[in-house]
Structures are given as structure tokens and as C-alpha cells.
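To start, the structure itself, in C-alpha cells.
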Amino acid sequence: MAGIGLLGAIALAGLVVAVYAAWLFHDLPDATDLADYRPPTATRVYAGDGTLIGEFSDERRIYVTYEQIPEPVIQAFLASEDRNFFNHGGIDVSGLGRAMFRNVFNVVSGRRLEGGSTITQQVAKNVLLTNESTLSRKLKEAILSSRLEATLSKEQILELYLNEIFLGYRSFGVASAAYNYFGKSLEQLRPDEAAFLAALPKGPNNYHPKRYPERAKQRRDWVLGEMEQSRFITSAELIAARARPLVTQDAPRRAQYQDADFFVEEARRQARANPDFGDQLNAGGFYMRTTLDPTLQTAARDALMKGLENYDRRHGWRGGWGTTDFAAGWQADALKQTRPPERRAWEAAAVDSVAGNNVRIVTAREGRTGSLVVEDAAWANANRQLKRGDLIFVEPRGNQFLLKQVPRVNGALVAIEPQSGRVLAMVGGYSYALSSFNRATQAQRQPGSAFKPFVYAAALEGDFTPASIVLDAPISFAGGANGGRWTPENYSREYYGPQTLRRGLELSRNVMTVRLAQAVGMTNVVELSKKMGVADNLTPNLSVSLGAGEVTPYHLTAAYAAFANGGRRVDPYLIEYVQDRDGETIYRADPRNCRACARGFSGQESPRLDPRGEQVIDPITAYQISSMLEGVVQRGTAASARGLGRWVAGKTGTTNEYRSAWFVGYTTDIVVGVFIGFDDNRPLGSGETGATGPVPVFTEFMQVALKSRPARPFVRPRNAVFRTVRGVEEAFRPGTERQREEEETPRAPSAPSGPQNYNDVVRREQEAAAGVTTTPSAPPQAAPPPPADKEPAEDLSGLY
């Protein structure tokens with residue numbers, strides 16, 4: 001009976017083992033899947049010139065093949081993790097025995113226990129299994145290790161390991177770790193630096209080089225000793241390597257170019273929306289080439305920040321951003337209180353003493369002392385007296401400091417290549433660190449008079465010419481606020497009588513624009529602006545002709561491109577092309593093919609590609625608008641940009657109550673839109689027009705842009721007829737030039753006959769409505785336009 005019982009127990013045990021083994025194998029991942037496995041890899045984003053500007057990733061990893069990994073790096077990890085890697089079959093029995101023997105002493109001395117896992121076992125665990133510490137997981141790990149050795153070569157297993165492993169500092173894989181810890185490529189690492197990376201797999205946080213520098217160096221030196229024992233380095237090399245200090249970067253390294261945060265984030269948003277690769281953006285290891293020009297991007301960022309700071313200075317000092325009592329440790333507390341602006345030369349400081357405009361300060365980070373420049377101290381004291389303990393921002397200037405203030409106002413700048421739609425630069429606000437909201441692409445704001453060129457383009461597409469006459473005189477319409485009448489007004493309520501379309505656009509006359517829109521039909525204006533890409537949801541109300549609709553700087557700037565490129569709509573884009581990790585192009589912004597480009601050339605004419613974009617307005621209309629907008633810069637509301645020279649066109653815009661200020665300007669090669677306004681849409685303040693804020697930002701930027709792409713004359717359409725009208729050469733569509741003499745005689749049935757002072761007309765109409773009669777001023781004379789050499793104030797739209 002006892003024998004039967006023993007046999008039964010053995011049979012039962014065998015059954016249990018068989019069932020457990022069956023369950024174990026049933027639940028085991030397929031090791032052959034690793035033959036084509038690639039770990040998640042960062043998408044790297046580059047500017048048009050190849051500058052690295054950003055990364056998109058869940059895990060920061062730069063995948064490198066086995067052949068790309070230098071021998072010292074491989075040797076460091078073999079010495080540290082698996083000396084017999086190339087000799088065992090997945091499980092190192094002798095290594096496991098050594099680990100068990102050493103653990104006896106490790107327990108006694110309180111040291112970390114050694115696991116004895118091979119690199120193959122670590123790959124099996126990291127890629128195919130979990131980190132749970134159970135017997136079943138260890139058994140699965142052993143089984144999978146044998147399968148991996150049968151499926152992949154040693155080099156393939158090592159390649160997977162060195163690319164998959166987490167090494168701290170947000171680094172996955174050795175290439176990313178070399179960049180983040182040392183700012184180097186793998187090829188540039190010294191043996192001591194490779195040894196430090198090899199010291200990290202078992203516990204990156206335990207050997208953090210900044211938090212635990214001594215512990216990190218001791219672990220690095222231990223790895224160097226293992227390398228010497230494995231004869232990977234000599235004794236002399238060991239001594240030299242251990243003598244070197246462990247020097248790492250303070251934090252994981254970002255892309256070296258850091259002026260394009262708004263651009264990179266917008267590229268990420270657009271890429272995520274692309275069905276070709278968007279769902280794999282953070283793990284696919286793509287190469288993304290963008291349209292960014294780093295020189296122009298830096299210039300755009302600097303110009304917008306300077307413009308916003310200048311606006312802020314015009315409106316006075318608001319006081320310090322905090323206070324301190326100078327108690328022990330005040331410097332550290334001060335640095336914790338504020339997020340620093342992106343002006344890298346600015347420093348946090350505290351006011352130490354104030355004697356009139358003699359203000360002494362001490363910096364928080366380095367404790368330097370000095371005085372504010374007298375002009376800045378006087379500027380601050382005029383509005384809000386500086387006092388001891390105020391925390392402020394300063395910028396060194398020689399032996400003194402400039403007083404700085406982070407603006408509350410914000411804005412955007414977009415620069416686009418008009419022939420293609422390539423976005424060359426984009427800044428969506430003063431500081432991405434303070435607010436990531438991109439005002440270039442996400443802010444819907446009224447453009448004011450910056451919309452007027454589309455009204456005039458609709459007129460020129462019809463029966464009007466630049467020499468056509470429109471009356472600049474009062475007009476009103478039913479349907480105003482509270483059931484009253486809507487009466488658009490010019491700036492300062494002045495009217496100039498009959499004017500050509502050119503002068504109306506150059507001087508931004510509101511009432512002329514409304515009359516023109518009424519004659520053309522707002523349905524036609526809205527349809528044309530939609531075709532040109534301004535916006536899709538504008539309503540055909542006359543107030544929209546003065547910029548009452550909402551647009552983004554991104555789309556408004558792109559719509560102006562049609563004026564510069566001969567009338568073609570080009571849709572703006574940031575991503576030029578995307579390649580997968582194997583170098584195959586999976587997305588290209590330009591769909592055009594050039595079969596002739598593949599053959600060699602030896603003196604013959606280069607192949608010609610069809611121009612991009614749909615023709616949305618006549619080339620003559622585009623030229624007429626460009627010529628008229630060049631007049632805006634030379635003689636009109638943007639005259640402060642005349643210093644850029646000829647062949648620069650543009651239009652200012654200011655909305656009701658000075659809530660938003662705009663300028664969109666361009667040459668034949670670049671279109672630039674500038675917007676300034678508060679995020680809550682409160683007024684900017686009296687006199688803050690498109691000419692006051694945005695035009696100087698545009699000018700500052702274009703001084704850089706025109707160094708590499710000097711302004712050239714706008715292309716004259718082949719079939720245009722040119723005639724001189726009032727001293728200006730105008731372009732006409734064939735046949736329309738004969739209307740010129742007739743159009744110069746105005747027809748204004750609603751106005752009294754004979755020469756009139758239209759300001760008197762306004763006054764008489766207002767008085768008549770109030771039941772008051774007066775004698776007109778004598779003699780009645782037409783009010784002349786402002787002198788050409790004097791910049792007129794920007795017209796307000798008077799919108800409701």
C-alpha cells in the first residue's frame with residue numbers, strides 16, 4: 001500500500017509539474033518577435049538647414065546599430081553586466097555561482113545583492129516580460145533566454161540591450177545617455193565616461209551624478225576595475241581613467257537651438273493630425289525636416305520680445321514681482337518665487353537701497369552688487385517708487401544694471417515664403433515658458449484695417465481700377481446698435497472728399513472702404529477672402545469690410561502671400577518631409593513630381609515645375625494691390641518702415657478701442673504678419689495703433705531678413721497696361737485704362753454740388769438731425785489730404 005501511495009504521489013507531482021509547465025509555456029511570449037523588434041524611438045525635428053530644434057518622444061531614445069556602437073562602450077557593459085556574454089547560451093551558470101558566493105559577503109557587509117542575470121536574460125525581462133519578482137517570471141526568463149539565443153545572433157541581442165535599457169536622466173539607450181549626461185555622441189566618449197554609463201543599469205537613481213557624486217564615481221571606478229580585469233584596458237589606462245573627475249551636465253540636454261518652442265509645438269500638433277504617421281509620432285523614430293529658418297526665427301523672437309517690452313515700457317513700471325526681508329537664504333527663496341523669463345541675460349535681483357534715482361541692487365544667484373542706470377530708476381520712480389526689498393529683474397550693462405519688466409501684453413509674428421507657403425519663422429507669444437498658447441495659430445482676433453486689401457482686391461477684380469474715384473464723405477446705415485443707425489467714421493472724424501482707390505488704401509479711409517464694399521457687394525468680398533484663405537466663417541456684413549470678422553495671424557499672413565506671388569493661394573505649412581527609421585520618405589509637403597530632375601545636366605536649361613497653389617485673383621490685381629500697399633509704406637500709415645527701402649508693401653490694422661494692433665508686410669520673397677494685443681482683449685491704450693507697435697517689430701525683423709533676401713521689384717504682369725496717374729505709375733487691365741479720365745470726375749448724388757468741405761457737411765447733417773441750423777463756413781474748400789512726408793494716424797474702424 002505504501003508503494004502504491006508513493007507511486008500515486010509521484011504521479012500527482014508529475015501531473016502538477018506537467019500542468020504548470022504547460023501553463024508556463026502557454027503564457028510565454030514568442031521570442032521570434034524580437035527578430036523585427038525596434039524599441040520606441042524619439043522623432044527628431046530639424047530646421048531647414050539641418051539644425052536640431054526638438055524631439056517628440058515618450059522615451060528619449062536614439063537607436064543605433066551594433067556597428068555604430070564603439071568598442072569601449074560595448075566592453076564597459078560586458079565588464080559590468082556579463083563578462084561571458086559571447087560564450088554562454090543565455091544563462092551563465094558560472095556567473096550565477098559567482099553571484100551567489102559574493103552575496104554571502106554582501107549580506108554580511110550590507111551591500112547590494114548581485115542578481116547574476118545575463119544580458120540575454122535582461123533583454124528577455126525588459127522586452128518580453130514584467131519586473132515582478134516571482135519564481136514563474138524567473139523560469140520564463142530562463143526559457144526565453146534560450147529561445148533568444150537560438151533566434152538572434154549575439155550582436156543582435158547586444159544591440160537590443162544597449163538601445164532598450166534605461167540609464168536615468170530620461171535616457172533610454174546608450175546613445176541618448178551619452179548625449180544627456182555628457183553632451184557627446186557615442187564615438188566621442190572616453191573609457192571613463194563609457195564606464196559611468198555601464199554603472200547605471202542596476203539603479204540609475206542610486207548613482208545620480210549630482211545628488212550622489214561620490215557614490216557615482218565609486219561605481220564608475222568599480223566598472224573601470226572590471227574592464228581592467230577583463231583586459232579591455234591596461235593598468236596604466238585604469239589609473240588614468242580613475243584619476244579623471246566625473247563631470248556631467250546639470251540636466252538632460254535639450255536641442256541646442258531653443259528659440260523655436262512655439263514653432264516646434266505647432267509642428268507637433270500638425271503632425272499628430274496627419275494620418276500617415278501621427279499615431280506613431282512619439283515612438284516611430286522619424287526624421288522630420290521642417291521649414292524653419294533658424295536665423296529668421298531668432299530674429300523674429302528678438303523683434304517681437306523687444307516690441308512687447310517697448311510697449312510695456314511706454315505704459316509704466318508696475319512694481320517688483322515680489323519682496324524680501326534679506327533674511328538668511330533669501331536668494332534661494334527669491335529664485336523659487338518666479339519662473340524666469342526667456343531673456344537669458346536677465347537676472348533676479350533685490351533692491352538694496354534707494355536714494356532718489358540712485359538705486360543699489362544685489363543679484364539673487366551670484367550676489368553681485370551694483371546700481372540701476374539713472375534713466376531706468378527715474379522711469380520706475382515716476383510711476384511707482386522703488387523701495388528696499390523689491391524683487392526685480394535686471395540685465396547687466398557694464399558696471400551698472402538695466403531695470404527689466406516682463407510684459408503683460410502679448411502678440412505673435414509669422415513669416416512665410418509666398419511662393420510655397422513655407423513658414424520660415426513663427427513666434428506665438430512673449431515667452432513659451434510663461435504661456436504655451438500660440439497666438440499665431442490659436443488666437444482669433446479682429447484684424448481691423450489689415451482686412452481692407454481684400455475689399456480693394458474684390459473691387460479691382462470687378463470694374464474698379466486704382467485710379468477709380470470713391471467719395472470720402474459721411475454715410476450711415478440702418479441696423480446699428482439698439483435699433484439705431486450704424487455710422488462708420490474716419491479717424492478724428494475728418495473726411496477728404498473724392499479720392500482714388502490708391503489714396504483710400506494708403507490712408508486707410510474707413511468710410512471710403514465701406515462705400516466701396518457696398519458697391520462691390522459684401523458677398524463678393526467674403527467669398528474672395530475665403531478663396532484667398534483669410535477665414536471660412538466671415539459674414540457678409542459691411543462692418544466686416546473694416547475688419548470686424550475674426551482671423552488668426554497665421555491665416556491672414558498666408559492670405560497676403562497671393563498679393564506677393566502673382567495671385568496664387570498657398571496654404572502655409574511647417575513640415576517639409578518625414579522619413580521613417582529606415583530612411584523611407586513617408587510624407588512630403590510638396591506633391592509635385594519632377595521626372596526631368598533625375599537626369600544629369602550639362603548646360604541645358606534646368607527643368608521647370610508648375611507653380612504651387614490655385615490662382616485665386618488676377619496677376620494684375622495682385623500687382624495693383626502690391627503697388628498700392630507699397631504706397632502705404634512710402635506715403636501712408638506704415639511710413640515708419642520707409643527706411644527698409646523700396647518694394648516693401650504692407651497694411652496696418654487697429655481695431656475698435658485700440659484692442660488689437662496689426663501689420664502685415666511683404667516683399668517678393670517673404671510675407672510677415674505681426675499682431676499685438678492682450679489675451680483678454682482689453683484695450684491697449686490710446687494711440688496704440690498698428691503703426692505704433694507692430695510696424696517697428698516688422699522693421700526690426702526685416703532688417704535681418706533683407707540681408708539674405710534683398711527686396712526686389714514686384715513682378716509686372718505681362719499683359720498689364722501702365723499709365724501715370726497723379727504722378728504715380730498705375731497698372732490697368734487692358735481696356736480699363738480708358739476709364740481713367742471719366743473716373744476722375746466723381747459722381748456723388750448725396751453730396752451738394754460744387755467743391756465742399758466735407759467736415760462741414762458732417763456738422764450740418766448732425767445739426768439738422770438735432771433741429772439746429774447754422775451758416776456754412778466760408779469760403780467752402782475741399783480739405784486736402786495730409787502731406788506725403790507726414791505719417792497720418794491710423795484709422796479706427798468704429799465697429800459695433
Whether the side chain of [X] engages the backbone of [Y] through a donor-acceptor N/O pair (distance < 3.5 Å, no angle test) should be reported.
X	Y	answer
Q68	T65	yes
K336	Q331	no
E342	A433	yes
S436	Y432	no
T41	P39	yes
K306	V697	no
R388	D352	yes
T291	V423	yes
R368	V362	no
D580	G583	yes

*L246 and T248: CA distance, side-chain angles, deciding distance, side-chain contact (heavy atoms from CB on, under 4.5 Å) verdict*: CA-CA 7 Å; L246 177 57; T248 61; 4.1 Å; yes
Between [X] and [Y], do the side chains contain an N or O donor and an N or O acceptor separated by less than 3.5 Å?
X	Y	value
E266	T441	yes
E584	Q579	no
Y257	T298	yes
S57	E59	no

_Test side-chain contact (heavy atoms from CB on, under 4.5 Å) on L148 and V123; report intermediate values, then the result._
CA-CA 9 Å; L148 281 175; V123 170; 4.2 Å; yes
*Please state whether the rings of W346 and Y430 are parallel, tilted or perpendicular, taking 30° and 60° as the class boundaries.*
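Judged by the thresholds at 30° and 60°, the geometry between W346 and Y430 is tilted.
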*For the residue pair Y169 and Y181, categorise the inter-ring angle as parallel (less than 30°), tilted (30 to 60°) or perpendicular (more than 60°).*
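Ring orientation, 0 to 90° scale: parallel.
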Mind listing the closest non-hydrogen atom pair of [X] and [Y] along with its distance?
X	Y	answer
G320	I392	CA-CG2, 4.2 Å
N163	R61	O-NE, 2.5 Å
F277	I586	CB-CD1, 3.7 Å
A440	M426	CB-CG, 4.0 Å
A199	R220	CB-N, 4.2 Å
T363	W330	O-CH2, 4.3 Å

Do [Y] and [X] meet the salt-bridge criterion of a basic N to acidic O distance under 4.0 Å?
X	Y	value
K210	D250	yes
E395	R343	no
D261	R301	no
R422	E576	yes

Enter the distance from [X]:[atom1] to [Y]:[atom2] here, rounded to the nearest 0.5 Å.
X	Y	atom1	atom2	result
F262	N438	CZ	CG	6.0 Å
R289	T585	CZ	OG1	11.0 Å
I69	E67	CD1	CD	8.5 Å
L238	E226	CG	CD	10.5 Å
I361	L386	CD1	CG	11.5 Å
I62	S171	CD1	OG	9.0 Å

*What's the verdict on side-chain hydrogen bond (donor to acceptor under 3.5 Å, both in side chains) for D312 and Q405, showing C-alpha distance, side-chain angles and the deciding distance?*
CA-CA 8 Å; D312 196 63; Q405 177 173 255; 2.5 Å; yes
When you compare the side chain of [Y] with that of [X], does any pair of heavy atoms fall below 4.5 Å?
X	Y	answer
Y587	F286	no
F77	L162	yes
R215	H208	no
D302	V704	no
V373	R397	yes
R344	Q258	yes
Q75	S230	no
L158	I74	yes

_Crowding at CZ, R190 (>12 non-hydrogen neighbours, <6.0 Å)_ =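 Atom CZ in R190 is crowded, with more than 12 foreign heavy atoms closer than 6.0 Å.
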*Heavy-atom count around N399 CG within 6.0 Å, excluding the residue itself: above 12?*
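Incorrect, the count does not exceed 12.
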*asked:* side-chain contact (heavy atoms from CB on, under 4.5 Å), that's the test. Do M227 and L224 meet it? Break it down for me.
replied: CA-CA 5 Å; M227 293 176 70; L224 287 168; 4.2 Å; yes
*Do Y212 and Y207 have ring centroids that are under 6.0 Å from one another?*
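That pair fails the under 6.0 Å test.
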*asked:* salt bridge (charged side-chain N to carboxylate O under 4.0 Å, His left out) for E265 and R268? Distances and angles first, verdict last.
replied: CA-CA 5 Å; E265 174 58 18; R268 187 195 67 81; 2.7 Å; yes
*Could you please spell out the steps behind the salt bridge (charged side-chain N to carboxylate O under 4.0 Å, His left out) verdict for E149 and K154?*
CA-CA 7 Å; E149 293 281 347; K154 288 287 188 179; 2.9 Å; yes
*side-chain contact (heavy atoms from CB on, under 4.5 Å) between M288 and I575: does it pass, once the steps are laid out?*
CA-CA 7 Å; M288 181 182 294; I575 302 171; 3.8 Å; yes
*For the side-chain contact (heavy atoms from CB on, under 4.5 Å) test, which of M305, R318, E309, R313 pairs with P407?*
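So, applying the side-chain contact (heavy atoms from CB on, under 4.5 Å) to P407 and each of M305, R318, E309, R313, only E309 qualifies.
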_F56: which residues meet the ring-ring contact (aromatic ring centres under 6.0 Å, His included) condition with it, sequence neighbours left out?_
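For F56, no residue satisfies ring-ring contact (aromatic ring centres under 6.0 Å, His included) once neighbours in sequence are set aside.
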